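Whatever order the structure lists them in is the order used to number ligands and atoms, beginning at 1. Keep in mind that the numbers below use all heavy atoms, side chains included, and drop hydrogens, waters and symmetry copies. Predicted model, so just to flag it, every value in this text is computed and none were measured.
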Amino acid sequence: MATEKWVFMVTAQTPTNIAVIKYWGKRDEVRILPVNDSISVTLDPDHLCTVTTVAVSPAFDRDRMWLNGKEISLTGSRYQNCLREIRSRADDVEDKEKGIKIGKKDWEKLHLHIASHNNFPTAAGLASSAAGFACLVFSLAKLMNVDEDPSHLSAIARQGSGSACRSLFGGFVKWEMGSKDDGSDSVAVQLADEKHWDDLVIIIAVVSSQQKETSSTSGMRESVETSLLLQHRAKEVVPKRILQMEEAIKNRDFASFTQLTCTDSNQFHAVCLDTSPPIFYMNDTSHRIISLVEKWNRSEGTPQVAYTFDAGPNAVLIARNRKVAVQLLQGLLYYFPPKSDTDMKSYVVGDNSILKEAG
Ligand code: ADP
Ligand code: DP6
Ligand code: CO
């Protein structure tokens with residue numbers, strides 16, 4: 001390693017993913033091993049995403065991280081686990097143009113500065129931890145010349161936030177809970193790539209961008225400790241639902257997809273209510289959006305839109321095609337006009353080619 005001062009940096013961008021069969025509950029808090037399989041759809045990387053820059057320099061005296069411009073502590077075990085796992089796989093790096101040479105062993109002594117930005121609300125139920133930890137692991141791997149096989153990186157990202165393991169793949173992704181104690185078979189696998197069902201258009205209705213009161217991590221811990229419904233869901237409901245959802249995705253069967261997605265979202269929120277003390281992630285506006293979509297689907301006779309809500313009030317609406325998406329957006333703007341008495345602020349429409357903000 002040269003003695004002069006230099007900075008070597010890498011930037012990466014990673015999309016968020018939204019679960020259609022939810023992960024809620026861990027059997028191992030340290031390794032982040034779930035109580036059930038889950039399935040998600042990864043959003044277009046240019047829309048809701050995290051951008052992270054990681055830099056290394058002999059001038060840095062400790063590891064530091066800034067999230068959305070504010071310094072955060074890296075002492076938590078999730079950040080430490082990700083940093084340790086990537087550092088242990090680091091390889092030689094050479095940038096001839098800048099005359100930088102970093103040997104495998106140097107990474108143990110060198111410190112990092114990390115700056116990360118989410119282009120969507122953080123800790124508001126739009127899976128910022130998924131995009132965030134996937135991006136952290138991916139950018140560190142690029143910086144340290146680690147083998148970038150998505151399966152390996154996914155297993156590391158899982159130790160930052162469970163849902164992050166699914167963001168290393170595009171399209172539809174399943175996180176298999178696995179059965180081994182060491183977590184080696186708790187992995188994400190791609191079910192279908194992003195081109196498989198490209199009629200679908202995803203609309204995110206940002207009901208509130210405020211940080212939630214109960215983080216996903218502590219919410220699911222309380223549910224595991226107190227909810228009987230969670231036990232029933234994990235053992236009896238989700239295993240069958242996963243098989244049905246895989247079939248629906250394979251056959252691009254929108255009616256089954258919608259039925260499974262909406263029911264699973266509602267059961268997840270029922271588990272939150274069954275938790276003691278109860279956790280309320282959705283608000284009145286969320287409930288009104290559910291009613292609107294349910295009524296519309298019923299009046300059409302066949303489902304047009306699926307809804308799902310993560311651990312927050314914001315709606316993720318999946319329209320069966322672009323024409324339906326346009327009608328849905330018009331309906332949302334009509335029933336929830338921006339600056340009305342509800343706190344609905346904006347809508348982001350994403351499919352493979354468009355991003356619009358309305359309101
Ligand atoms: P969300 O519903 O947004 O995923 P969580 O409660 O699961 O909310 O996680 C929010 C936490 O995830 C944040 O408080 C922060 O610790 C972490 N996080 C969010 N974005 C990033 C990021 N870009 N890089 C690293 N960590 C992040
Ligand atoms: C409701 O992955 O955020 O979004 O593993 O504790 O970081 P930790 O939790 P997190 O939980 C996500 C919960 C969910 C459903 C899902 O993404 O499957
Ligand atoms: Co999260």
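Remark: E225 does not engage R221 in a salt bridge, criterion side-chain N to carboxylate O under 4.0 Å. Here R87 does not pair with E108 in a salt bridge; the nearest charged N to carboxylate O distance is not below 4.0 Å. Using a 4.0 Å cut-off between charged nitrogen and carboxylate oxygen, K180 and D28 do not count as a salt-bridge pair. In this structure, K101 does not pair ionically with D95, as no charged nitrogen and carboxylate oxygen lie closer than 4.0 Å.
For the Co ion (ligand 3), the N/O/S atoms of S216 include none lying under 2.8 Å.
Each of the atoms 1 (C) of ligand 2 lies under 4.0 Å from some heavy atom of F268. The ligand atoms of ligand 1 that sit less than 4.0 angstrom from a heavy atom of S215 are 6 (O). Each of the following atoms of ligand 2 lies closer than 4.0 Å to a heavy atom of T217: 6 (O), 7 (O), 8 (P). For ligand 1 and S216, the ligand atoms under 4.0 Å from any heavy atom of the residue are 5 (P), 6 (O), 7 (O). Taking every non-hydrogen atom of A124 and a distance limit under 4.0 Å, the qualifying atoms of ligand 1 come out as 3 (O). Close contacts between ligand 2 and K26 involve ligand atoms 5 (O), 6 (O), 8 (P) [criterion: under 4.0 Å to a heavy atom].
With W296 contributing its side chain and Q304 its backbone, the two residues share no donor-acceptor pair below 3.5 Å. No donor-acceptor pair under 3.5 Å is formed between the side chain of S227 and the backbone N or O of T275. A donor-acceptor distance shorter than 3.5 angstrom exists from the side chain of R252 to the backbone of H196, with no hydrogens or angles considered. With hydrogens and angles disregarded, no donor-acceptor distance shorter than 3.5 Å links the side chain of R166 to the backbone of V41. Here the side chain of N314 pairs a donor or acceptor atom with the backbone of S208 at under 3.5 angstrom. Judged by distance alone, with hydrogens and angles left aside, the side-chain atoms of D92 form a donor-acceptor pair with the main-chain N or O of K104 at under 3.5 Å. Proximity of a side-chain donor or acceptor of N118 to a complementary backbone N or O of F120 within less than 3.5 Å is not detected.
At least one N/O-N/O distance between R78 and ligand 2 falls below 3.5 Å. For ligand 2, the polar-atom distance check against S163 finds a nitrogen or oxygen pair separated by under 3.5 Å. Between S161 and ligand 2, an N or O atom pair is found at a separation short of 3.5 Å. Taking only nitrogen or oxygen atoms, main chain and side chain alike, A164 does not reach within less than 3.5 Å of ligand 2.
The closest approach between a heavy atom of G125 and any atom of ligand 1 is below 4.0 Å. A311 does not count as a contact of ligand 1, since none of its heavy atoms falls under 4.0 Å from the ligand. Every heavy atom of D310 sits 4.0 Å or more from the atoms of ligand 1. Within the structure, ligand 1 lacks S161 among the residues with a heavy atom less than 4.0 angstrom away. The closest approach between any non-hydrogen atom of L136 and ligand 1 is not below 4.0 Å. Assignment of A311 to the shell around ligand 2 is supported, since a heavy atom sits closer than 4.0 Å. No heavy atom of Q211 sits closer than 4.0 Å to any atom of ligand 1. Using a non-hydrogen distance threshold of 4.0 Å, M65 registers as a contact of ligand 1. Contact between F133 and ligand 2 is absent, with no heavy atom of the residue lying under 4.0 Å from the ligand.
In the candidate list W66, Y79, F120, Y79 is nearest to atom 17 (C) of ligand 1, counting heavy atoms. The option from S139, S116, S128, G132 that lies nearest to atom 19 (C) of ligand 1, judged by heavy atoms, is S128. Considering each of R221, M220, R166, the one bringing a non-hydrogen atom nearest atom 9 (O) of ligand 2 is M220. Which of L74, T214, L67 comes nearest to atom 18 (N) of ligand 1 through a heavy atom is settled by distance: it is L67.
For atom 11 (C) of ligand 1, the nearest non-hydrogen atom of the protein is S129 CB, 4.3 Å. What sits closest to atom 20 (N) of ligand 1 on the protein, heavy atoms only, is N118 ND2, 3.0 Å. For atom 13 (C) of ligand 1, the closest non-hydrogen atom of the protein is T122 CG2, 4.5 Å. What sits closest to atom 2 (O) of ligand 1 on the protein, heavy atoms only, is K212 NZ, 2.6 Å. Here the protein heavy atom with the shortest distance to atom 4 (O) of ligand 2 is D310 OD2, 3.0 Å. Scanning the protein heavy atoms around atom 13 (C) of ligand 2, the nearest turns out to be Y23 O, 3.4 Å. Nearest protein neighbour of atom 14 (O) of ligand 1, counting heavy atoms only, is A123 CB, 4.4 Å.
For the residue pair S216 and K212, a side-chain donor N or O sits within less than 3.5 Å of a side-chain acceptor on the partner. One side chain, T122 or N68, offers a donor N or O that lies under 3.5 Å from an acceptor on the other.
Ring geometry, H113 versus F60: the interplanar angle falls under 30°, so the pair is classed parallel (tilted spans 30 to 60°).
Here A19 has side-chain heavy atoms under 4.0 Å from ligand 2, and that is the only part of it that gets that close. Under 4.0 Å from ligand 2, the heavy atoms of S129 that appear belong solely to its side chain.
Around atom CD of E300, more than 12 heavy atoms belonging to other residues, nucleotides or ligands sit under 6.0 Å away. The local environment of CG in D284 is sparse, with at most 12 non-hydrogen atoms from other residues, nucleotides or ligands closer than 6.0 Å. Counted within 6.0 Å of CG on D181, heavy atoms from surrounding residues, nucleotides or ligands total 12 or fewer; the atom is thus considered open.
Looking at every heavy atom in both residues, T263 comes nearest to R241 through CG2-NH2, 3.3 Å.
Residues F309 and F268 keep their aromatic ring centres 6.0 Å or farther apart.
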